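To keep things clear, I will list the structure first and then write my remarks on it.
So you know, we letter chains A, B, ... as the sequences are listed, proteins then strands, and number each from 1. Note that this is a predicted model, so its numbers are computed, not measured.
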2 protein chains.
Amino acid sequence: MRETGVKDRILETASRLFYDQGYNQTGINQIIDEADIARASLYHHFPSKTDLLLAYLDRTHELWFGELETYMQPIAGARERLLALFDFRVRRQLKLKYKGCHFNKIVAETCEDQQVFDRVRAHKDRFRRYIHDLVRQTDHRKLLDDETLTETLFLLLEGAIAMGAMYRSPDYVEKAKRIAGSFL
Amino acid sequence: MRETGVKDRILETASRLFYDQGYNQTGINQIIDEADIARASLYHHFPSKTDLLLAYLDRTHELWFGELETYMQPIAGARERLLALFDFRVRRQLKLKYKGCHFNKIVAETCEDQQVFDRVRAHKDRFRRYIHDLVRQTDHRKLLDDETLTETLFLLLEGAIAMGAMYRSPDYVEKAKRIAGSFL
DNA sequence: GTCTATAAAATGATAGAC
DNA sequence: GTCTATCATTTTATAGAC
């Protein structure tokens, strides 16, 4: 019956619950129940809830960029790709019910933990580099230099995702896309 | 000895703890201990933890705009005032140790609650209107129309505050200010 | 209004059998 | 590696005296 291994099922269930209802509002008991595994199996694979959190962040990071690559693969042209980043985020908002960025959410609900910071920053750093690489390939209007344009697009997206979570709406990312279009 | 009333002391203590260590990571017991009041006094003034949360949001909203007015009062000129919004946020980041926006944090760590949404949205709506009023008074470069410029400044700020919380740094708000300056 | 004592449930984590 | 049973705390909230 079990298509997936126990460890994967634990991590998948925990990931879903951590995002949907929050890390602190998700108890070990609920993970055990919904993953349909034994209590000790969880603690065998993940010695503490913090270990599960770190695994969640790593898994989310991998999936995130995997989905990005898949989404971007058929899109040609650096300018089109930059604008497609906004479409990618809108698509994710819809799928994830506008609950915002996984990484921002975790930062907001956990206290200072260096291992958490390392992971969320690595995620955002990589996304900023992704934008920067595309910006350098475009022949944009030069209203802003490459670095400033990169930061502008990045901050517009981050702000729009945060407001999307607050208003449960794709409007802000769509507005951000139009603003971005005027600089490109 | 008691300079402030019991109800105020409860709300002040809860507010500090909700922001510093998170709403879900703050227990009623800790609030009682640190406010140095009796258990039943808390439940007399705030029938549930959710009532305390709503009072926290209302209080934070009032204080936020009160501090904004005080900060902006001596600053002359709409363009200077728009740029001063970024300085105001940097000043707050420093004071609050870069933990980000109170309202975004609460959205990130509580499940859908209409009363919470109403308050956080009212806060952001009011801030957007504040920006819009200033934008209309400026004689800006017209690279963007008033509505788009308003939304750009707003999203840049929101993104920068979110990244400030992630990187525990004022760099993003300062970068956002420079970007804003190039549109004004 | 404020107090102490306590309830009822949920929390993260461990022990020891198989 | 997986299981069940259980532990010690902590959680939000209530009861009843003063």
> Rest of the hydrophobic cluster containing L94(A) (Ile/Leu/Val/Met/Phe/Trp/Tyr, side-chain heavy atoms under 4.5 Å)?
Replying inline: Y98(A)
>> Per the ring pair (Phe, Tyr, Trp, His ring centres under 6.0 Å) rule, what does the pair list look like for residues 137-170 of chain A, sequence neighbours excluded?
In response: Y167(A)-Y172(A)
> So F127(A) and W64(A), ring pair (Phe, Tyr, Trp, His ring centres under 6.0 Å) or not? Walk me through it.
Replying inline: CA-CA 10 Å; F127(A) 185 51; W64(A) 204 99; 5.1 Å; yes
> Under a 4.0 Å heavy-atom cut-off, which of residues 41-59 of chain A touch DNA chain D?
Replying inline: S41(A), H44(A), H45(A)
> Rounded to the Å, how far apart are I32(B) CD1 and dG1(C) P?
Replying inline: 18 Å
> Taking CG from D8(A) and P from dG1(D), how many angstroms apart are they, rounded to a whole number?
Replying inline: 13 Å
> In whole Å, what is the span from the CG atom of D33(B) to the P atom of dT12(D)?
Replying inline: 12 Å
> With K7(A), which residues qualify under side chain to side chain contact (heavy atoms under 4.5 Å, CB included), at least two apart?
Replying inline: H45(A), F46(A)
> Does D171(B) have any side chain to side chain contact (heavy atoms under 4.5 Å, CB included) partners at least two apart in sequence or in another chain, and if so, which?
Replying inline: S169(B), E174(B)
> Atom CZ of R9(B) to atom P of dG1(C): distance rounded to whole Å?
Replying inline: 15 Å
>> What is the separation between atom CG on L17(A) and atom C1' on dA10(C), rounded to the nearest whole Å?
In response: 16 Å
>> Under the rule for salt bridge (Lys or Arg N to Asp or Glu O under 4.0 Å), what residues qualify as partners of K95(A), not counting sequence neighbours?
In response: E67(A)
> Which pairs count as salt bridge (Lys or Arg N to Asp or Glu O under 4.0 Å) when at least one residue sits in residues 42-63 of chain B, sequence neighbours excluded?
Replying inline: D58(B)-R119(B)
>> By the salt bridge (Lys or Arg N to Asp or Glu O under 4.0 Å) test, which pairs, at least two apart or in different chains, include something from residues 20-29 of chain A?
In response: D20(A)-K99(A)
> Counting only non-hydrogen atoms, which of residues 24-31 of chain A are less than 4.0 Å from DNA chain C?
Replying inline: T26(A), G27(A), I28(A), N29(A)
